[in-house]
Amino acid sequence: MKNILFTLALFISFNCFGQAELEYENRLKELNNIAYQKYTTGDYTSAVADYKKITEMYNSKFEIVYQYYISNAWFYLGLIKMTEYELCSSAIINFNKSIEIDPSNLAAYNSRATARICIGDFQGAIKDCEAAIKLDSLLASAYDQMIYSKAILNLDYCDDYKTSVELKLDLPDRGVDFKQCN
């Protein structure tokens, strides 16, 4: 009888935990969709408020797969700070949090590189571009930012340029002299 009661209690507790996890996931998804809609329509103030709510929902007892939404929220908070309010240093803090939660967040590395260029941290930008390229070797913007940062620091960028040409990546014209790379 004790075994049956124990099994029943265990089943109920797992079922409740599963329900709580499902509600957590659904709430994260819903809030993420709402925040993204606000972001895409230019309602940045409301989007920031919703993304902040998501970051406050962090719950380490649930599987890491749900932490995607938390990482995504930190990313968009950083993106809004950087692109709409030109708060590059503050954006870096948000990108750091995004990467800490999801080290495979390619967009966060690439955007953090942009923010680092904004504040003149070209070495940091190069490191972020290298990390982004490890995640996606065809990311033209990472090559662009890395080449630009290396050019500013008078470092050799020819290998990176040649790789981008071999990969047929379309790089914008930033005034970097590629004649020396031929």
Side-chain angles (χ1 to χ4, degrees), residues 28-29 31-60 62 64-157 159-161 163-164 169-176:
L28 283 172
K29 282 181 182 178
L31 199 50
N32 185 63
N33 289 337
I34 291 168
Y36 185 72
Q37 287 174 353
K38 291 176 181 177
Y39 171 79
T40 57
T41 61
D43 184 3
Y44 301 117
T45 304
S46 294
V48 165
D50 288 342
Y51 283 125
K52 282 183 179 179
K53 286 179 193 173
I54 293 170
T55 64
E56 293 164 358
M57 292 175 66
Y58 180 80
N59 190 335
S60 61
F62 295 123
I64 195 69
V65 70
Y66 305 124
Q67 304 318 330
Y68 158 81
Y69 300 107
I70 309 297
S71 174
N72 192 51
W74 283 116
F75 166 73
Y76 276 103
L77 285 169
L79 195 61
I80 291 168
K81 283 181 180 178
M82 184 176 65
T83 59
E84 295 305 315
Y85 305 113
E86 298 179 13
L87 300 172
C88 297
S89 295
S90 182
I92 290 170
I93 294 167
N94 292 117
F95 296 137
N96 289 343
K97 290 177 181 178
S98 177
I99 292 167
E100 182 182 323
I101 293 169
D102 181 6
S104 66
N105 191 331
L106 172 65
Y109 283 107
N110 200 44
S111 295
R112 187 171 69 180
T114 304
R116 288 182 184 215
I117 288 171
C118 173
I119 64 168
D121 178 10
F122 299 104
Q123 286 288 53
I126 292 167
K127 289 178 184 176
D128 283 339
C129 291
E130 290 170 343
I133 289 168
K134 281 183 184 177
L135 293 169
D136 182 353
S137 63
L138 299 176
L139 188 61
S141 59
Y143 281 96
D144 169 54
Q145 294 185 110
M146 185 163 58
I147 291 167
Y148 177 75
S149 295
K150 286 182 175 182
I152 293 292
L153 296 174
N154 292 317
L155 300 174
D156 181 29
Y157 52 82
D159 286 343
D160 302 311
Y161 172 70
T163 300
S164 71
L169 301 177
D170 187 25
L171 302 181
D173 182 9
R174 286 201 192 223
V176 175

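Numbering starts at 1 and runs along the sequence shown.
Classified by interplanar angle (parallel below 30°, tilted 30° to 60°, perpendicular above 60°), the ring pair Y76/Y36 is perpendicular.
Between D102 and Q67, every side-chain heavy-atom pair lies at or beyond the 4.5 Å cut-off.
In this structure, S149 contributes its side chain and M146 its backbone to no donor-acceptor pair below 3.5 Å. Checking side-chain atoms of T55 against main-chain N and O of K52 turns up a donor-acceptor pair under 3.5 Å. A donor-acceptor pair under 3.5 Å is absent between the side-chain atoms of S137 and the main chain of I133, judged by distance alone.
Applying the salt bridge (Lys or Arg N to Asp or Glu O under 4.0 Å) test to pairs two or more places apart or on separate chains, those with a residue in residues 105-129 are R112-D128, R116-D121, R116-D128.
Annotation for Y148: atom OH does not count as buried by contact number, only 12 or fewer foreign heavy atoms lying within 6.0 Å. No more than 12 heavy atoms of other residues, nucleotides or ligands sit less than 6.0 Å from atom CD of E86.
A donor-acceptor contact under 3.5 angstrom links the side chains of S90 and K81, judged on distance only. Side-chain atoms of D43 and T41 include no donor-acceptor pair closer than 3.5 Å. Q145 and N110 share a side-chain donor-acceptor pair at under 3.5 Å.
Using a 4.0 Å cut-off between charged side-chain N and carboxylate O, D160 and K150 make a salt bridge.
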